[in-house]
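Start at 1 and go down the list; that is how both ligands and their atoms are numbered.
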Amino acid sequence: MLQGLGWRNFFAQQTDADEMVTTPPVRVTQVHRNGLHVVGDGIDELVPPGPEATVGDWLMLNREAPAQSRVLERTSLIKRRAAGLERVMQMIAANLDTAFIVTSCNQDFNVARLERYIALAMEAEVAPVIVLTKPDLAEDPEIFAGEARKISDRVPVVVVNAKGEAVAEALAEWCRPGQTVAFMGSSGVGKTTLTNALSQDEAIETQAIREADARGRHTTTRRQLHFVPGGCAVLDTPGMRELQMTDAEAGIGDLFSDLRDLGEGCKFRDCAHETEPGCAVLAALERGEIDGARIKRWKKLVAEERFNSESLSERRMRDKSFGKMVRKVVKNSRKK
Ligand SMILES: Nc1nc2c(ncn2[C@@H]2O[C@H](COP(=O)(O)OP(=O)(O)O)[C@@H](O)[C@H]2O)c(=O)[nH]1
Ligand SMILES: [Mg+2]
Ligand SMILES: [Zn+2]
């Protein structure tokens with residue numbers, strides 16, 4: 001039973017037979033303002049808020065004092081910096097095995113955005129897989145598939161009609177019993193349709209209604225973990241409008257490992273690969289070995305990640321020394 005929810009040795013090792021009885025393990029399937037929806041052996045209920053948990057987390061549920069339930073160490077955690085002024089870190093999903101990064105064979109397809117999702121997944125040590133939907137609506141889906149395959153040898157690409165019969169088969173390799181997978185990507189690309197296809201029912205409303213009647217629109221607004229008949233856990237997510245890179249240095253490095261490795265050969269350790277002499281990246285570009293557009297996207301992600309990950313104190317320090325410099329300049333100009 002628990003295995004079907006994704007329970008495995010990694011979690012079992014964090015508890016013992018006593019605790020399994022007194023505070024049984026449950027998995028968080030939804031996070032509400034008024035609590036966490038959890039599912040376990042004979043348990044399917046909303047527990048009051050308290051433990052800092054996200055969808056996919058395992059809790060040792062303390063029924064007397066639910067707020068004191070213990071969150072088990074995670075195999076993975078996908079997070080992002082929330083949009084808005086405060087820019088707090090937001091946990092997206094815990095304990096995922098595979099992130100299906102979904103885009104369609106149409107204008108939604110965007111290599112730079114796919115790379116953002118992939119870096120985020122790689123950072124969390126979740127295996128990314130690109131899923132290309134709506135091949136039935138495209139003149140030549142193979143063009144999209146070709147572009148997607150060029151992104152990385154480490155990221156498989158699956159082309160599938162989300163409304164067709166072959167979804168479960170196409171994704172079977174990653175949806176084995178006990179596995180946890182998530183669909184991520186922009187709104188309207190077919191994430192809920194894919195989740196439904198795996199669930200083998202139409203329990204979850206897709207956006208189709210929206211196309212018929214704009215007011216009756218239904219988009220996924222909440223992340224929800226579904227347990228599907230094959231024995232895997234499937235997370236449907238709403239589209240994330242903004243996907244800023246923060247604390248994702250390793251993920252970006254993994255995705256662009258070829259460029260990162262090349263950069264180690266630059267003459268200057270802090271080479272920006274712009275105009276520096278002895279730049280190994282520019283040399284490879286000149287030899288036609290690497291793609292200029294890809295270098296540009298890589299540099300952009302690296303710069304953004306550095307800026308966002310700079311801690312508040314580091315930023316203050318920088319502002320302070322900037323202030324000092326300004327005062328000095330002003331003073332010097334007064335002297336003249
Ligand atoms: N023809 C076709 N339509 C699709 C495909 N995938 C999704 N759709 C449609 O696209 C719309 C948005 O799908 P939905 O699953 O709600 O997207 P989500 O926002 O990513 O969850 C719905 O009308 C789906 O029926 C596909 O592969 N082919
Ligand atoms: Mg949806
Ligand atoms: Zn360089």
Side-chain angles (χ1 to χ4, degrees), residues 30 55 92 99-110 113-114 117 130-139 141 144-145 148 157-171 181-199 201-214 216-226 234-241 256 258-287 289-290 292 294-296 298-299 302-303:
Q30 284 182 71
V55 174
I92 303 288
F100 290 122
I101 296 160
V102 188
T103 181
S104 302
C105 299
N106 59 23
Q107 350 46 277
D108 183 77
F109 187 93
N110 178 310
R113 181 147 34 78
L114 287 172
Y117 276 106
I130 297 173
V131 177
L132 291 175
T133 59
K134 310 196 185 184
D136 52 311
L137 302 179
E139 218 159 275
F144 295 94
V157 176
V158 179
V159 182
V160 70
N161 177 349
K163 290 167 84 176
E165 299 295 313
V167 173
E169 195 186 325
L171 306 181
V181 303
F183 290 111
M184 309 174 80
S186 319
S187 182
V189 295
K191 300 179 297 296
T192 302
T193 310
L194 290 163
T195 307
N196 277 330
L198 293 180
S199 310
D201 65 34
E202 283 292 313
I204 317 151
E205 278 177 274
T206 63
Q207 235 173 267
I209 298 161
R210 184 188 92 168
E211 271 143 19
D213 169 13
R217 130 184 221 152
H218 183 283
T219 45
T220 315
T221 51
R222 180 177 294 292
R223 280 162 286 137
Q224 185 173 356
L225 193 63
H226 304 271
V234 183
L235 177 65
D236 187 14
T237 68
M240 291 183 267
R241 212 161 277 144
F256 294 100
D258 53 330
L259 300 181
R260 182 190 54 190
D261 293 349
L262 259 178
E264 313 255 291
C266 294
K267 186 171 163 202
F268 299 109
R269 233 194 78 234
D270 60 349
C271 183
H273 325 303
E274 298 282 353
T275 52
E276 288 88 343
C279 173
V281 175
L282 293 177
L285 176 66
E286 227 150 78
R287 291 194 301 270
E289 291 167 7
I290 48 176
R294 188 158 167 271
I295 298 179
K296 247 186 166 158
W298 170 56
K299 289 204 289 199
V302 168

Degrees at the Zn ion (ligand 3) between the SG atom of Cys271 and the SG atom of Cys266, nearest 10°: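 Answer comes to 110°, rounded to 10°.
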So, regarding [X] and ligand 1 (criterion: nitrogen or oxygen to nitrogen or oxygen, under 3.5 Å), is there a contact or not?
{"X": "Lys134", "result": "yes"}
{"X": "Pro135", "result": "no"}
{"X": "Thr133", "result": "no"}

Parallel, tilted or perpendicular: which describes the rings of Phe144 and Phe109, with under 30° parallel and over 60° perpendicular? perpendicular
Using modelled atom types only, decide if a donor and an acceptor are shared between the side chain of [X] and the backbone of [Y] within a distance under 3.5 Å.
{"X": "Arg294", "Y": "Phe256", "answer": "no"}
{"X": "Thr237", "Y": "Phe183", "answer": "yes"}
{"X": "Lys191", "Y": "Gly185", "answer": "yes"}
{"X": "Lys163", "Y": "Asp136", "answer": "no"}

Arg113 versus Asp108: any side-chain heavy-atom pair under 4.5 Å?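 Yes; the side chains approach each other to less than 4.5 Å.
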Give the contacting part of Val189 toward ligand 1: side chain, backbone, both or neither, where contact means a heavy-atom distance below 4.0 Å. both
Which atom name does His273 have for its N/O/S atom nearest to the Zn ion (ligand 3)? ND1
Of the listed options Gly188, Gly185, Ala197, closest to atom 12 (C) of ligand 1 (non-hydrogen atoms): Gly188
At less than 4.0 angstrom from any non-hydrogen atom of [X], what atoms of ligand 1 do you find?
{"X": "Leu137", "result": "1 (N)"}
{"X": "Ala162", "result": "5 (C), 6 (N), 26 (C), 27 (O)"}
{"X": "Ser187", "result": "19 (O)"}
{"X": "Thr193", "result": "7 (C), 13 (O), 14 (P), 15 (O), 24 (C)"}

Residues that Glu165 engages under salt bridge (Lys or Arg N to Asp or Glu O under 4.0 Å), provided they are two or more places apart: none
Using 2.8 Å as a strict upper limit, say whether an N, O or S atom of Ser187 approaches the Mg ion (ligand 2) that closely.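 Checking the Mg ion (ligand 2) against Ser187, no N, O or S atom falls under 2.8 Å.
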